[in-house]
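Report on one structure; see the data block that follows.
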There are 2 protein chains.
Amino acid sequence: MAAKESLKQKAYHAIKEKIITCEYAPDAMLNEEALREELHVSRTPIRDALSRLEQEGLISILPKKGVVVSGLSIHDINLIFEVRLLYEPYALLHYGSNMKDEVIYKYFDAFSTPVQNFSKDEYFSLDDTFHVNIVETIQNPYLLKTYDWIHNQNLRFRVMTGQLVDYRLEKTTEEHLKIVTACLKHDWELAAKEMEAHLLASKNATFDLVLRNKNTENQKEK
Amino acid sequence: MAAKESLKQKAYHAIKEKIITCEYAPDAMLNEEALREELHVSRTPIRDALSRLEQEGLISILPKKGVVVSGLSIHDINLIFEVRLLYEPYALLHYGSNMKDEVIYKYFDAFSTPVQNFSKDEYFSLDDTFHVNIVETIQNPYLLKTYDWIHNQNLRFRVMTGQLVDYRLEKTTEEHLKIVTACLKHDWELAAKEMEAHLLASKNATFDLVLRNKNTENQKEK
DNA sequence: CCTGTTTTTGTTGTATACAACAGTCTATTT
DNA sequence: AAATAGACTGTTGTATACAACAAAAACAGG
């Protein structure tokens, strides 16, 4: 499968992966030459990949200066959650009925299990696929593309902050369970409402985490 | 200003313009060589531009085969208006208060004038900037980027169909006036509701136009 | 020591040559 | 005449050389 990928696709996925995992940290400078050596391809596929990543907002290309990985600021949290708050309740309200009951049951079971039964990675990916599954019911490629971008940005925030702490796992599970329960009843208005509440709580928690993170960074500098 | 544009930006804007005006028609095949000669630049800026246009959904690049301008189907109308129906009422509801009263007055005056006083181009651009102004109050770059895409697609539909007919101009003006009146009262809920009604009507009209267009095409073939 | 200028270095922008591949057409064989 | 193999054509993918520019560094003059 990966063998049939063109070099520009390989370069795109490789660089994107490293940005999302923060191996290339926010505000870090990249340059084509270094990437070229790292990936063992010529500049052309690298440039294709960078141009695409710039479109997606993960990097900025500064002509004649270099490439910089997009920073993550408090303001970005607002932007990300504005999109999520707009899309995710909308998906439940209008397309919730497209979800298969078996899928809903799967999540009901998962969120009924004590969080201790999951490794941190498992729990993150469970959380992730839950929200993605809901949004993907929309099927509109324009909306899904936007969601994919902010999803990537959200992952970067997680790597930067949440990786460390197992903060709010119980609360998150409770809120997810409320959403799933509403879905089981096919009460999509309630599900959308619960989703909104969950996202608002999650947004505040992200704010807290980022601020706390900033503080510890400042302490390190002293 | 245009002098400082890089060649890849010039190529991007030039090709995009020609796609939107349907000089490069939907489903038409392009190729880098022809574009290269037409714009008098080398393949590199062309490729940059094409890659970006592909991201925006205006073209598809088929490896080793060619470049095809994205088609416009009935289904695309649904996709476009789904985004508009989600964003435009949202903008009024949450950010209407960001609009300056003088701007609202400007549109009030414009939509109070008989449509006969405008040329068709003037009226189209008035309609356009009205909706764009409303959506731009959102300020969220993720949402604005998505809107820009569907806006371009919408323009293509207009060129294909509406260019010919002055259909629904009075109705459109009436509906716009209702929206603007609600804005003047700072009743954003009402404004959002009127916008929703306007978009639904506009969507149906677009369907009609496209279907009518299809029929006349079929007649021509006979 | 400071300041203004020149040179150098590093970066992306652009042009172009070649490779790889898909599809078509032709010639050859049966 | 039909079928098949093979060359041919046209397309994008990839590599690389050179140009243009901006910023930093070195240097000379005061």
Side-chain angles (χ1 to χ4, degrees), chain A residues 1-19 23-71 141 145, chain B residues 1-19 23-71 141 145:
Chain A
M1 143 204 174
K4 290 193 75 177
E5 253 189 344
S6 66
L7 290 183
K8 74 175 180 185
Q9 286 169 319
K10 264 198 282 194
Y12 166 74
H13 289 300
I15 299 172
K16 181 174 167 184
E17 179 74 16
K18 293 190 180 184
I19 291 175
E23 183 175 331
Y24 298 149
D27 297 309
M29 293 294 291
L30 303 179
N31 72 63
E32 294 177 357
E33 177 65 13
L35 294 168
R36 197 187 67 68
E37 286 185 7
E38 194 164 338
L39 300 175
H40 301 100
V41 296
S42 79
R43 280 185 63 206
T44 309
I46 299 282
R47 281 176 55 76
D48 281 340
L50 291 180
S51 144
R52 189 165 162 197
L53 290 167
E54 186 186 30
Q55 287 302 306
E56 298 180 9
L58 288 176
I59 62 172
S60 298
I61 298 177
L62 311 173
K64 320 284 183 187
K65 289 183 65 178
V67 177
V68 57
V69 179
S70 297
K145 204 163 207 171
Chain B
M1 145 202 176
K4 290 194 76 179
E5 255 190 344
S6 66
L7 291 182
K8 75 175 178 184
Q9 286 170 319
K10 264 199 284 197
Y12 166 74
H13 289 300
I15 300 172
K16 181 174 165 183
E17 179 74 17
K18 292 190 179 181
I19 292 175
E23 183 174 333
Y24 298 149
D27 297 309
M29 292 294 290
L30 304 179
N31 71 64
E32 295 177 357
E33 177 65 12
L35 294 168
R36 196 187 68 69
E37 286 184 7
E38 194 164 342
L39 300 174
H40 301 100
V41 294
S42 79
R43 279 185 64 205
T44 309
I46 299 282
R47 282 176 55 75
D48 281 340
L50 291 179
S51 146
R52 189 166 161 193
L53 290 167
E54 186 186 30
Q55 287 303 306
E56 298 179 9
L58 288 175
I59 62 171
S60 298
I61 300 177
L62 311 173
K64 320 282 181 186
K65 290 184 66 179
V67 178
V68 57
V69 180
S70 298
K145 203 165 209 166

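Residue numbers start from 1 in every chain, and the chains themselves are labelled A, B, ... in the order their sequence lines are given, proteins ahead of strands.
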(request) May I ask you to check whether over 12 heavy atoms, not counting those of B:K16, lie within 6.0 Å of atom NZ? (result)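 Counting other residues, nucleotides and ligands, NZ of B:K16 exceeds 12 neighbours.
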(request) Give a yes or no on whether the backbone of A:D48 and the side-chain of B:S51 come within a donor-acceptor separation of less than 3.5 Å. (result)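 The answer is no, because no donor-acceptor pair under 3.5 Å joins these two groups.
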Distance in angstrom units between [X] [atom1] and [N] [atom2], rounded:
X: A:L30; N: C:dG10; atom1: CG; atom2: C1'; value: 15 Å
X: B:E54; N: D:dT12; atom1: CD; atom2: P; value: 12 Å
X: B:N31; N: D:dG10; atom1: CG; atom2: C1'; value: 9 Å

(request) Could you tell me whether the side chain of A:Q55 reaches within less than 4.5 Å of the side chain of B:K145, counting heavy atoms only? (result)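 Yes. Closest side-chain heavy atoms under 4.5 Å.
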(request) Flag the pair A:V67 / A:E54 as yes when at least one side-chain heavy-atom distance between them is below 4.5 Å, and no otherwise. (result)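 Side chain of A:V67 against side chain of A:E54, heavy atoms only: no contact under 4.5 Å found.
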(message) If the condition is side chain to side chain contact (heavy atoms under 4.5 Å, CB included), which residues does A:K18 pass it with, not counting sequence neighbours?
(response)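 For A:K18 the side chain to side chain contact (heavy atoms under 4.5 Å, CB included) partners, ignoring immediate neighbours, are A:E23, A:Y24, A:E38.
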(request) For each nucleotide in nucleotides 13-24 of chain D, reading 5' to 3', give B when a protein heavy atom comes within less than 4.0 Å of its base, S when such contact involves only the sugar-phosphate, and - otherwise. (result) BBBBB--BS-S-
